[in-house]
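All residue numbers in this chain count up from 1 along the given sequence.
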Amino acid sequence: MGGSPAAADQRGGAANPALQTVALTGVASPEVIKPFSLIGVTWADPAARVDGFVQVRTRDLSTRRWSPWQTLETDGRAPADVRGSSDPLWVGPSDGVQARVTGARRPLPAGLRMDLINPDAEDAVTPRRASMGNVAAAGRAGMEGRLEKAAVPLPGRPHPRIVTRAGWRANEAIVKGPAEYTGPTQVFFVHHTATGNGYSCAQSAGIVRGIQAYQVRSRGWDDIGYNYLIDKCGTVFEGRGGGIARTVLGAHTLGFNANASAIAVIGSYGGRAVSTRVRTVIAAMAAYKLGAYGNPPAGRVVVTSGGSERFPAGRKVPLYRISGHRDAGQTACPGNALYAQLPSIRAIAGAAPTGLRMTGMRGSARAGAWYFTKGVIQPAWNVTTPLALINRFEVWVDGVLRVATPAGKHSAPIRLAPGGHTVSVRALHLSGRSTVVNSKVFADTSAPVFGREPDVALRPGTVNLGAVPMHLDWTVRDNASLGSVRLTRPATVNLGVRARTRNVGAPANRPTTFTVRATDRAFNAVSASVTRTPVVVSESSAQRSGTWRSLRNGSYLGGTAVGGSVRGTSATWRFSGSSAALVFSRGPRAGRVAVILDGRPQGTIDLRSTRAQARQVVWSRWWPQSGEHTVRIVVEGTPGRPGVALDGLVYLK
């Protein structure tokens, strides 16, 4: 079943209805479809089913571009249904619709119709009749999927730079009557003036004035016949008066002036092709005129001849949307060379924007596939398509239009709500086709959080009064992504986002502050600090029992230690702190000691090693809170190697 989509008439009429019902009879209707935003298909019997796939496509109210075909879900049913129905589909502000059913093997249910909903209106139901079309979708339809448009002002549809009639000093005194207007532009004709190529571009305006005078005075026309003219340098001139953006009825292609527009290249192009610039500007003009009405410049159309020497009146003639004069008349115009360039002109005019890419995202930092921001970003982009062919750029956030910019503006600031978003930049060609590039952006206003604030504990290693061995511990997390974790005091060190501990050192008997700063990808930051003093307590200050002897050597802390080899010899310290460590010498003949903490045995430490090592932390403990503790060591008197060298205790306060 075939037919034409209903067309909206924006020049007046009844208020837009809240509901329009469109019976799917297979018969096209000339009546106007008022704006709507949501569509569903219903039928009389709620128990019935639609066999096959119900598909619709709609025309965007602002761009006049048709969407792709979309399939409605028809397998849902509720007990309270009074009519069978599909799931509804949000299509955004639209003013035309087509529907089709494919794959049906049984008759369709009775009373099948489209229900068109305008959520902003509250007037009575206005019945309509429309067609079920079987027309292929022409081009892409804006953003992929069901993107909802927000109330965002759109820049005016631009036209290529044009020298107005005042600019080329048209003779308005010889114009014989007011401009006439025709319907939406269905075809764009390319001509040449056949006036020769021996001119400078500074003479182009004079040539246009001459053509006007010839066509009016000598040929008796009302005005210059072409809608536009272009010289060999790519400068476009407004032709017949009536408004650059309007559908002025020209006198350029006999039998095919209605619903058409035309451009004439100044010169003769039988054996000489136009330049790349001229070709691009012709394509831009064609896309500007055809795309304004949703007509794909690279497509075809069947038009009805108004009567010419080649096609009698009433003949249905298939034409390219961008055609040469010779396609409609018995003429060599626009010349063999220019005619041979029409396929490339169609390709340029009908292409989607190419080379669209993000060039930056000010106010954010990129990590992998994501950008991170505190909330305000300014995406920047570029395209390789000439800007003369670009209608506008749009920035969408999660399927909602947020900003629209003219073709010459390639960035726009946007504020994002906290959380992850898809930010899409859409380049819209004058033809109506578009290209989209997506970016993942996470807006984060929360600083990282320390699960465990930094703390230090004594660790195994060699004790020096200038550097007592400790390890710094912390845990930190972020709701999005950590960017960096750094130690900023007492020195600057990159700790890495995955690490949770790091070996550090600090001078004995002096307080040292350790500060960890965590920064997320959006540059929110948090810092936390811990201050500790490593106190070195001499072995001589311990409460000792049994047999100890004094040892002197420059390798000991303070040059002295005590040695014990008799089983049961002991030393005890009492202190208040958050971590403690015992310092001994190790060696091939060193023995073993037992450790008792707060009255509880902690096991035996074997001090033997392959080589002599002084000032070694051989045992350590850490507590989450500073408190009073007692540490006692007892010499075991190991057979064959009973001796131990005790060099003191270290604790943190």
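Contacts of Asp455 classified as salt bridge (Lys or Arg N to Asp or Glu O under 4.0 Å), with partners at least two apart in sequence or in another chain: Arg532. Applying the side-chain contact (heavy atoms from CB on, under 4.5 Å) rule to Ser527 yields the partners Thr515, Arg517; only residues at least two apart in sequence or on another chain are considered. Taking the side-chain contact (heavy atoms from CB on, under 4.5 Å) definition, one finds that Val437 meets it with Leu356, Met358, Val425, sequence neighbours left out. With sequence neighbours excluded, the residues that form a salt bridge (Lys or Arg N to Asp or Glu O under 4.0 Å) with Arg641 are Asp606. Partners of Asp473 by side-chain contact (heavy atoms from CB on, under 4.5 Å), not counting sequence neighbours, listed by chain and number: Arg452, His471, Thr501.
Under the 3.5 Å distance criterion, the side-chain polar atoms of Arg502 are left unmatched by any main-chain donor or acceptor of Leu487. The backbone N or O of Arg415 sits less than 3.5 Å from a side-chain atom of Arg402, completing a donor-acceptor pair. His410 places a side-chain N or O within donor-acceptor distance of the main-chain N or O of Ala407, the cut-off being under 3.5 Å. Using modelled atom types, no side-chain atom of Asn464 and backbone atom of Ala467 make a donor-acceptor pair closer than 3.5 Å. A donor-acceptor distance shorter than 3.5 angstrom exists from the side chain of Ser431 to the backbone of Arg433, with no hydrogens or angles considered. Listed for the Ser94 side chain is no donor-acceptor partner under 3.5 Å among the backbone atoms of Leu61. Between the side chain of Ser481 and the backbone N or O of Arg521, no donor-acceptor pair lies under 3.5 Å. Under the 3.5 Å distance criterion, the side-chain polar atoms of Thr280 are matched with a main-chain donor or acceptor of Thr276.
Side-chain rings of Phe393 and Trp381 approach one another, their centers coming within less than 6.0 Å. Between His629 and Trp573, the distance separating the two ring centers is not shorter than 6.0 angstrom.
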I'd like a table of donor-acceptor pairs (distance under 3.5 Å, sequence neighbours excluded) in which one partner is a side-chain atom from residues 644-653, with atom names and distances.
from, atom 1, to, atom 2, distance (Å)
Asp647, OD1, Leu557, N, 3.4
Asp647, OD2, Leu557, N, 3.0

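Side-chain atoms of Asp444 and Asn479, non-hydrogen and from C-beta on, do get closer than 4.5 Å to each other. Contact annotation: the side chain of Tyr371 never approaches that of Val423 to less than 4.5 Å [non-hydrogen atoms, C-beta and beyond].
Across Gln616, Arg615, Gln613, a single residue satisfies side-chain hydrogen bond (donor to acceptor under 3.5 Å, both in side chains) together with Thr462, and that is Gln616.
More than 12 heavy atoms of other residues, nucleotides or ligands sit less than 6.0 Å from atom CZ of Arg157.
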